[in-house]
Amino acid sequence: MDTRTGFRLSHRKWILAAIGFPILVAAWWAFRPEKLWINQKVNEPAPFAATTDPQPLYTGRLEGKAHQTSGRATIYRTSDGRQYLRLTDFMTSNGPDVHVVLVQTDDANLTKEIVTDQVDSVELGRLKGNQGDQNYDLPASVNLQKYTAAVIYCERFHAIFGVARLEKF
Amino acid sequence: MVRNIKTALALVALTVTFALQASVYAQDSMHVDKTKTLETGTFHGKVHKTSGRATIYQEADGELLLRLTDFKTSNGPDVHVILIAAKDADDDANFLNSSTERVELGTLKGNEGDQNYEIPSGTDLSRFQTVSIYCERFNANFGAAPLEKF
């Protein structure tokens, strides 16, 4: 009698196992929970072999402030270590005494259109044109960890024409 | 009378000069790379934290290539890289609208690191503007990068 009960129980266990195991396998296949802590790293090279060309370091889109401004600002490093800011698709309004400067991204002045106090900035030069592609050399000493916003700034009226917050390329 | 006409003419000339105050074009050149950078954007993703940059290059032979850099997402089953015909993917919703048009670029090679994907020739980049890291099995959008002109 005891053996029969034992047999019946194990029989039921077998059925449970026969149903349960495939369900477990299916659930594992669907969710692959082990992937939560297994990372798969890859490191493919860039599609261009020529490392002599200037490499983009940081880039961002320009947003208009006091005047409609658009385009892209990108900081490149040349093979000889020189760094420059390049504006592309660039368009802003023409104005007097307009400069290109680098400002710290979290500078409160960047939220305003007209600046009232002194802006801590790195001067890159007078704006060469209010439209078109243009390059500005960066001073060798500039700290790009700190000054990560490219700003089109009218010094005469303390007006911020446009801002590009740069992010790592 | 003649004097008035002269003054008027001078005024007109002055007005025209101001009106025509030409835009100043700058056209600085740059080393022409054989590979052109067309578009770029950064990933955002909330449900499965996703970060990094997606960039589309055009190689010298005209082939389009998507490259992910500084890339990181969560590992998961059956994850693909797709382009979707949308300005951006709503990462709060997590799931893609089934009617969203998509272009398959392949299975995600790794959940971390730099990686390249070929884009089928004839893909209209003006329509397919967003890269999505997409789990086909659960129709889940891990993260998306809206692309903008470089």
Side-chain angles (χ1 to χ4, degrees), chain A residues 28-56 58-62 70-72 74 76 78-79 84-95 98 100 126-137 167-169, chain B residues 21-37 39-43 48 51-61 63-79 107-118 135 137-138 146 148-150:
Chain A
W28 165 80
W29 173 84
F31 292 98
R32 301 296 298 275
E34 84 282 4
K35 288 200 170 188
L36 277 176
W37 56 87
I38 298 173
N39 283 320
Q40 195 179 357
K41 279 191 193 175
V42 282
N43 191 16
E44 288 187 320
F48 32 85
T51 45
T52 51
D53 292 328
Q55 297 296 313
Y58 300 92
T59 190
R61 300 285 304 185
L62 280 153
S70 62
R72 181 173 285 282
T74 309
Y76 287 90
T78 61
S79 55
Y84 64 91
L85 176 81
R86 178 169 170 81
L87 305 179
T88 46
D89 293 321
F90 179 67
M91 203 164 191
T92 188
S93 74
N94 210 346
V98 183
V100 182
R126 194 178 275 274
L127 189 71
K128 296 175 185 178
N130 71 313
Q131 285 180 32
D133 301 347
Q134 43 206 294
N135 301 344
Y136 297 86
D137 282 325
E167 289 179 291
K168 197 167 176 293
F169 185 84
Chain B
Q21 195 177 36
S23 293
V24 185
Y25 272 96
Q27 198 63 255
D28 277 343
S29 67
M30 194 189 144
H31 275 296
V32 179
D33 201 339
K34 276 174 243 121
T35 305
K36 271 196 294 182
T37 312
E39 296 177 345
T40 192
T42 48
F43 278 102
H48 297 266
S51 61
R53 180 172 288 280
T55 308
I56 292 180
Y57 294 97
Q58 184 166 37
E59 294 177 287
D61 57 4
E63 292 276 311
L64 296 176
L65 190 126
L66 173 76
R67 179 167 167 79
L68 309 182
T69 45
D70 295 318
F71 181 70
K72 202 165 186 180
T73 188
S74 70
N75 206 348
D78 202 19
V79 182
T107 310
L108 187 72
K109 296 174 185 176
N111 70 313
E112 274 183 59
D114 301 347
Q115 44 205 293
N116 305 334
Y117 297 87
E118 276 174 36
C135 169
R137 195 166 296 162
F138 297 109
E148 286 182 296
K149 197 166 181 300
F150 183 76

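Being a predicted model, the structure only gives us computed values, none of them experimental. The chains referred to below are lettered A, B, ... by the order of the sequence lines, with proteins before strands, and numbering in each begins at 1. Note that these values count all heavy atoms, side chains included, but never hydrogens, waters or copies made by symmetry.
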> Between A/Arg86 and A/Asn135, what is the shortest heavy-atom contact and its length?
Replying inline: NH1-OD1, 2.9 Å
> If you take all heavy atoms of B/Pro77 and A/Ala30, which pair is closest and at what distance?
Replying inline: CG-O, 3.2 Å
How many angstroms lie between [atom1] in [X] and [atom2] in [Y], if you round to the nearest 0.5 Å?
{"X": "A/Glu44", "Y": "B/Asp114", "atom1": "CD", "atom2": "CG", "result": "9.0 Å"}
{"X": "B/Leu65", "Y": "B/Thr55", "atom1": "CG", "atom2": "OG1", "result": "10.0 Å"}
{"X": "A/Gln55", "Y": "A/Ser79", "atom1": "CD", "atom2": "OG", "result": "9.5 Å"}
{"X": "A/Asn130", "Y": "A/Phe90", "atom1": "CG", "atom2": "CZ", "result": "7.5 Å"}
{"X": "B/Glu39", "Y": "B/Lys149", "atom1": "CD", "atom2": "NZ", "result": "9.0 Å"}

[X], part contacting chain A, at a heavy-atom distance under 4.5 Å:
{"X": "B/Phe150", "answer": "both"}
{"X": "B/Ser74", "answer": "neither"}
{"X": "B/Lys72", "answer": "neither"}

> Pick from A/Met91, A/Lys41, A/Arg32: which one has the most heavy-atom pairs with chain B under 4.5 Å?
Replying inline: A/Lys41
> If you count heavy-atom pairs under 4.5 Å between each of A/Asn43, A/Asn39, A/Leu87 and chain B, which one has the most?
Replying inline: A/Asn39
Sort [X] into side chain, backbone, both or neither according to what part of it lies under 4.5 angstrom from a heavy atom of chain B.
{"X": "A/Pro45", "value": "backbone"}
{"X": "A/Thr59", "value": "both"}
{"X": "A/Thr74", "value": "side chain"}

With a 4.5 Å cut-off on heavy-atom pairs, point out which of [options] contacts chain A the most.
{"options": "B/Asp70, B/Leu68, B/Thr69", "result": "B/Asp70"}
{"options": "B/Ala60, B/Gly76, B/Gly52", "result": "B/Gly76"}
{"options": "B/Glu148, B/Gln115, B/Arg137", "result": "B/Arg137"}

> Is a side-chain donor-acceptor pair under 3.5 Å present for B/Glu59 with B/Tyr57?
Replying inline: no
